[in-house]
2 protein chains.
Amino acid sequence: MDQIDAEPVATLVGPLARRDDWAADRCSLAKALEVVGTRSAMLLMREAFYGTRRFDDFARRVGITEAVAATRLRGLVDAGLLTRRPYREPGRRTRQEYVLTPMGRDLAPAAVALMQWGDRYLADADGPPVVLAHAGCDEPVHVAVTCAAGHEVALGDVTVSVARRRTA
Amino acid sequence: MDQIDAEPVATLVGPLARRDDWAADRCSLAKALEVVGTRSAMLLMREAFYGTRRFDDFARRVGITEAVAATRLRGLVDAGLLTRRPYREPGRRTRQEYVLTPMGRDLAPAAVALMQWGDRYLADADGPPVVLAHAGCDEPVHVAVTCAAGHEVALGDVTVSVARRRTA
DNA sequence: CGCCTGACTAGGGGATGCCATAGCCAGAGA
DNA sequence: TCTCTGGCTATGGCATCCCCTAGTCAGGCG
């Protein structure tokens, strides 16, 4: 251990304790960042969570140019977070809309976690601009790390260990 | 509403329902991304969560050059996620270490949420490389959006509304 | 006093992200 | 058939991110 004092960080167990022997290139966080690691990609996902579907709404609401929106949306479709789907309003021509897939929808906790962190530490004097609540009980929502038994887990109580490989 | 069918997305209530009247530039998610919106910044935070403290360990384990590590670490210190602290091992010269602040520590749920999403959708055939568990009960941890009453909340059950401003 | 090491800084260059302006194409309405 | 609009694509340019290869600086040790 190269810990000097007992700062609450995660505990690495098993082979991971020798950090430099472990290749971080398989890290799922790194892989996730390859897909949604840009500002524009994550903000486009925010819009998708808010129900935006049309190309120019995405571009305008995120505040990026249509060229960037086209590139980024194509990337998100290719990665599987959104699907392109033609639709038709009566009296209008056929259009494409970008709709969340389950994979895209499952990114919501990460986006909410980032938003919550921003609310807490980066909001201006007026406080956070929006509040997320549970439609059922009207209580505000928050994101937390919990274990299967339902305990909320602090960083200092997390252990990190190598997973058993699915394949030999 | 420009919803075509009932996809489970968040429901915007009040003034927010007219999306284009709402300026997204105060969005906390956007602000968070200004701080940790780059791949290297988030991966440096991952290392910090794992207990890394020394400059060259950060650079080597994240797989970035020392120049990038220096710039990014300075940014994280300036933003308040890490502090620089001199320390001294006996017989060694004084060094600087980078230690998590409470602000940095509170980013952990967002990082875990992204990692969990990557585990689920982006892992290779071997499955995710590491498993996070609760030190107390050994159960794997996961990140979820919950309300104050403890209910796990799906995206479709989230409402988004304007916050009451802290200041007039 | 001079070497060595840890912790950076400097410089040069390629790739990506973003912006602004302009153009293209399909299809509905006139 | 002509026009208009939504939904993109194209071009050119600046900024940022990242890499690689040095070089610098402080301080403990021989």
Side-chain angles (χ1 to χ4, degrees), chain A residues 2 4 19-20 24-25 27 30 33-48 52-79 82-99, chain B residues 2 4 19-20 24-25 27 30 33-48 52-79 82-99:
Chain A
D2 61 356
I4 305 304
R19 275 309 315 284
D20 293 324
D25 62 331
C27 172
L33 291 172
E34 310 249 313
V35 178
V36 289
T38 68
R39 179 184 154 80
S40 53
M42 190 63 93
L43 293 181
L44 286 169
M45 292 308 296
R46 177 198 71 192
E47 285 307 316
T52 298
R53 298 177 164 213
R54 284 172 46 175
F55 178 84
D56 60 336
D57 287 337
F58 275 112
R60 194 182 54 261
R61 290 171 184 171
V62 170
I64 57 181
T65 62
E66 296 183 339
V68 173
T71 306
R72 213 58 62 217
L73 285 170
R74 201 179 315 122
L76 292 170
V77 168
D78 289 349
L82 301 174
T83 44
R84 254 166 75 100
R85 192 163 80 179
Y87 76 103
R88 175 85 184 265
E89 288 173 23
R92 298 301 194 89
R93 51 176 288 201
T94 303
R95 289 176 187 150
Q96 299 294 327
E97 57 178 3
Y98 295 86
V99 185
Chain B
D2 61 358
I4 304 303
R19 277 306 317 282
D20 294 324
D25 62 332
C27 173
L33 291 171
E34 310 249 313
V35 178
V36 289
T38 67
R39 179 185 155 79
S40 53
M42 190 62 93
L43 292 181
L44 285 169
M45 292 308 295
R46 177 198 70 191
E47 284 308 316
T52 298
R53 296 176 167 215
R54 284 172 46 176
F55 178 83
D56 60 337
D57 287 339
F58 275 113
R60 194 181 55 261
R61 291 171 182 170
V62 171
I64 57 181
T65 63
E66 296 183 339
V68 174
T71 305
R72 213 58 63 214
L73 284 170
R74 201 179 314 123
L76 292 170
V77 168
D78 290 349
L82 301 174
T83 43
R84 254 166 75 100
R85 193 164 79 179
Y87 75 105
R88 174 86 183 265
E89 288 173 22
R92 298 301 195 89
R93 51 176 289 202
T94 303
R95 291 176 186 149
Q96 299 294 325
E97 56 178 4
Y98 295 87
V99 185

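The sequence lines fix the lettering, A, B, ..., with proteins before strands; numbering per chain opens at 1.
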Enquirer: In whole Å, I'd like the distance from the CZ atom of B:Phe58 to the P atom of C:dG6.
Expert: 17 Å

Enquirer: Would you compute the distance between atom CZ of B:Arg53 and atom CZ of B:Arg85 and round it to the nearest 0.5 angstrom?
Expert: 5.5 Å

Enquirer: Quick one: list whatever passes side-chain hydrogen bond (donor to acceptor under 3.5 Å, both in side chains) with A:Arg84, sequence neighbours left out.
Expert: A:Tyr98

Enquirer: Look at all strands and tell whether A:Gly37 reaches a base, only sugar-phosphate, or nothing, counting heavy atoms closer than 4.0 Å.
Expert: nothing

Enquirer: Could you tell me how far apart A:Gln96 (CD) and C:dG27 (C1') are, to the nearest whole angstrom?
Expert: 14 Å

Enquirer: For nucleotides 11-17 of chain D, which of its nitrogen or oxygen atoms have a protein nitrogen or oxygen under 3.5 Å away, and what is each distance?
Expert:
none

Enquirer: Any idea which of C:dC19, D:dC20, D:dT9 is nearest the A:Thr65 side chain?
Expert: C:dC19

Enquirer: Quick one: A:Leu33 CG to C:dG17 P, roughly how many Å, whole number?
Expert: 13 Å

Enquirer: Supply the atom-to-atom distance A:Leu73 CG to A:Glu66 CD, rounded to the nearest 0.5 angstrom.
Expert: 11.0 Å

Enquirer: Please state how far atom CG in B:Leu82 lies from atom P in C:dA7, giving the value in whole angstrom units.
Expert: 15 Å

Enquirer: Mind checking A:Gly75 for me? I need base, sugar-phosphate or nothing, with any heavy atom below 4.0 Å counting as a touch.
Expert: nothing

Enquirer: Does C:dA7 have its OP1 or OP2 closer than 4.0 Å to a side-chain nitrogen or oxygen of B:Arg84?
Expert: no

Enquirer: From B:Leu76 CG over to B:Met45 CE, what is the distance, rounded to the nearest 0.5 angstrom?
Expert: 6.0 Å

Enquirer: Nearest-Å distance, CZ (B:Phe55) to C1' (D:dA26)?
Expert: 15 Å

Enquirer: Quick one: is C:dG6 close enough that its OP1 or OP2 comes under 4.0 Å of any side-chain N or O from B:Arg54?
Expert: no

Enquirer: Could you state the interatomic distance from OG1 (B:Thr83) to CD (B:Gln96), rounded to the nearest 0.5 Å?
Expert: 10.5 Å

Enquirer: Going by the rule side-chain contact (heavy atoms from CB on, under 4.5 Å), which residues pair with B:Thr71 if we only count those two or more places apart in sequence or in a different chain?
Expert: none

Enquirer: Which part of the nucleic acid does B:Tyr98 contact within heavy-atom distance under 4.0 Å: base, sugar-phosphate only, or nothing?
Expert: sugar-phosphate

Enquirer: A:Arg60 CZ to D:dG6 C1': how many Å, rounded?
Expert: 12 Å

Enquirer: In whole angstrom, give the distance that lies between atom CD1 of A:Ile64 and atom C1' of D:dT9.
Expert: 15 Å

Enquirer: Please state how far atom CG in A:Leu43 lies from atom P in C:dC19, giving the value in whole angstrom units.
Expert: 11 Å

Enquirer: Go through the structure and list residues passing salt bridge (charged side-chain N to carboxylate O under 4.0 Å, His left out) with A:Glu34, not counting sequence neighbours.
Expert: B:Arg39

